[in-house]
*Asks:* 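First the structure, which I've put down as structure tokens, then a few questions once you've had a look.
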There are 2 protein chains.
Amino acid sequence: MSNLTKLKHEFTKSSDFLVALGDQKRQAIIVALLDPQVIHRGLQVTDLVDVTGLSRPAVSHHLKILKNVQLVDYRREGTKNFYYLTHQTKAIDQLKTLLDHVMETMICNQNL
Amino acid sequence: MSNLTKLKHEFTKSSDFLVALGDQKRQAIIVALLDPQVIHRGLQVTDLVDVTGLSRPAVSHHLKILKNVQLVDYRREGTKNFYYLTHQTKAIDQLKTLLDHVMETMICNQNL
DNA sequence: TTTCTTGGTTCAATATTTTAAACGATTATA
DNA sequence: TATAATCGTTTAAAATATTGAACCAAGAAA
């Protein structure tokens, strides 16, 4: 398989993740969850509603997208769902690899 | 300025770039331009129309988005516009920095 | 049990993005 | 000078994403 074909696959694999990260509302959710004060116990949906100023269904929707790319997960406590960032950095690593490959290809062929 | 505030700014700065990279049609354009055969002279809009199967206005639209995030630029030759990937890796570096900071924050606070 | 809190889902409305048709401008070619 | 090729833009349509209202379910509290 050619390098270019591999790159194409890497792009496709990172596509959902890129889209998930690009949205500013979701970025706000991620940043809220990155807070050292909350990074372990996570935040409830209602907390995120307060932080982001979005409606609950909107927050719920964005959380689902973030969960699909395995950036967040949640833990149930009674009626409350605590959302937290997964420590799984696979998607991030994948994206970093892609960026490295793109740069490599760009720079490798720069002076041919 | 707190780390979290910095992260928020980095997210915002990379937002357009993330969105630009997330779209599969634009990914196809980028991959086509990454081909060692064309990475120097670039490709005309009509070539990209053939490669992607999109209409010319659609290609033109996506090229504008890619140009806005300074991932591509073009060179005029007569009536032809040759689009090529800029060798400017600023946006990529910025995104990599952001990803590193996110991972750092995630992992640093992991065992508190 | 009844009531309240929490939060997911559905569905319709809204907003945004993407697309193509039509047009115009520029340059090359006949 | 015509004619053809290349490409950007505008505008309206189509597709997609986002949102909120309304509803339902599960668990906690009274």
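Sequence lines set the chain letters: A, B, ... in the order given, protein chains first and strands last, and positions in each chain run from 1.
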*Asks:* Report which part of the nucleic acid B/Ser60 touches: base, sugar-phosphate, or nothing (heavy-atom distance under 4.0 Å, all strands).
*Replies:*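 Base contact.
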
*Asks:* Compare side-chain N and O positions of B/Tyr83 against OP1 and OP2 of D/dT6 and report whether any pair is under 4.0 Å apart.
*Replies:* no

*Asks:* For a quick test of reading the model: is some side-chain N or O of B/Asn81 closer than 4.0 Å to OP1 or OP2 of D/dG8?
*Replies:* yes

*Asks:* B/Val19: which residues meet the side-chain contact (heavy atoms from CB on, under 4.5 Å) condition with it, sequence neighbours left out?
*Replies:*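 In terms of side-chain contact (heavy atoms from CB on, under 4.5 Å), with neighbours along the sequence ignored, B/Val19 is linked to B/Arg26.
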
*Asks:* To the nearest angstrom, how far is B/Asp73 atom CG from D/dG8 atom C1'?
*Replies:* 16 Å

*Asks:* Who are the side-chain contact (heavy atoms from CB on, under 4.5 Å) partners of A/Ser15, not counting sequence neighbours?
*Replies:*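 With sequence neighbours excluded, A/Ser15 shows a side-chain contact (heavy atoms from CB on, under 4.5 Å) to B/Gln24, B/Gln27, given in chain and number order.
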
*Asks:* So what is the end-to-end bend of the helix from C/dT1-D/dA30 to C/dA30-D/dT1, with 5 pairs used at each end and the value given to 10 degrees?
*Replies:*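 Comparing the axis at each end, I get an angle of 10°.
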
*Asks:* Taking side-chain contact (heavy atoms from CB on, under 4.5 Å) as the definition, give me every residue that meets it alongside A/Asp35, ordered by chain and number, with sequence neighbours left out.
*Replies:*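 For A/Asp35 the side-chain contact (heavy atoms from CB on, under 4.5 Å) partners, ignoring immediate neighbours, are A/Gln37, A/Val38, B/Leu4.
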
*Asks:* Name all residues meeting the side-chain contact (heavy atoms from CB on, under 4.5 Å) criterion together with B/Gln88; count only those two or more places apart in sequence or in a different chain, and write none if there are none.
*Replies:* B/Gln70, B/Thr86, B/Lys90

*Asks:* In whole angstroms, how far is the C1' atom of C/dG7 from the NZ atom of A/Lys64?
*Replies:*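 Between C1' of C/dG7 and NZ of A/Lys64: 12 Å.
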
*Asks:* For nucleotides 16-21 of chain C, read 5' to 3', which letter fits each nucleotide if B means a protein heavy atom sits under 4.0 Å from the base, S means only the sugar-phosphate is that close, and - means neither?
*Replies:* --SBBB

*Asks:* In whole angstrom, give the distance that lies between atom OH of A/Tyr74 and atom P of D/dA26.
*Replies:*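 Interatomic distance, OH of A/Tyr74 to P of D/dA26: 13 Å.
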
*Asks:* What pair of heavy atoms forms the shortest contact from B/Asp23 to B/Lys25, and how long is it?
*Replies:* OD2-N, 2.9 Å

*Asks:* Using atom CG of A/Asn68 as one end and atom P of C/dG8 as the other, report the distance to the nearest whole Å.
*Replies:* 13 Å

*Asks:* Going by the rule ring-ring contact (aromatic ring centres under 6.0 Å, His included), which residues pair with B/Phe82 if we only count those two or more places apart in sequence or in a different chain?
*Replies:*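 If we apply the ring-ring contact (aromatic ring centres under 6.0 Å, His included) test to B/Phe82, skipping adjacent residues, there are no hits.
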
*Asks:* Is there side-chain contact between A/Asp73 and A/Tyr84, with heavy atoms separated by less than 4.5 Å?
*Replies:*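 Yes. Closest side-chain heavy atoms under 4.5 Å.
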
*Asks:* If you compare every side-chain N and O of A/Thr46 against the phosphate oxygens of C/dT5 (OP1, OP2), does one of them come in below 4.0 Å?
*Replies:* no

*Asks:* Give every donor-acceptor pair under 3.5 Å between a side-chain atom in residues 47-58 of chain A and any protein atom, sequence neighbours left out.
*Replies:*
unit_1	atom_1	unit_2	atom_2	d
A/Asp47	OD2	A/Gln44	N	3.3
A/Thr52	OG1	A/Leu48	O	2.6
A/Thr52	OG1	A/Leu54	N	3.2
A/Ser55	OG	A/Ala58	N	3.3

*Asks:* For every nucleotide of nucleotides 25-30 of chain C, 5' to 3': is a protein heavy atom under 4.0 Å from its base (B), only from its sugar-phosphate (S), or from neither (-)?
*Replies:* -BBS--

*Asks:* Rounded to the Å, how far apart are A/Asp50 CG and C/dT5 P?
*Replies:*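 Going from CG in A/Asp50 over to P in C/dT5 covers 15 Å.
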
*Asks:* Whole-Å distance between D/dC7 C1' and B/Arg75 CZ?
*Replies:* 15 Å

*Asks:* I'd like to check the ring-ring contact (aromatic ring centres under 6.0 Å, His included) partners of B/Phe11; sequence neighbours left out, ordered by chain and number.
*Replies:* none

*Asks:* What pairs with A/Arg75 under side-chain hydrogen bond (donor to acceptor under 3.5 Å, both in side chains), at least two apart in sequence or on another chain?
*Replies:* A/Glu77

*Asks:* Take atom NZ of A/Lys67 and atom C1' of C/dT9, then tell me their distance rounded to the nearest Å.
*Replies:* 15 Å

*Asks:* In residues 94-102 of chain A, what donor-acceptor pairs under 3.5 Å come from side-chain atoms, sequence neighbours left out?
*Replies:*
unit_1	atom_1	unit_2	atom_2	d
A/Lys96	NZ	B/Asp100	OD1	2.4
A/Thr97	OG1	A/Asp93	O	2.9
A/Asp100	OD1	B/Lys96	NZ	2.4
A/His101	ND1	A/Glu10	OE1	3.0
A/His101	ND1	A/Glu10	OE2	2.9

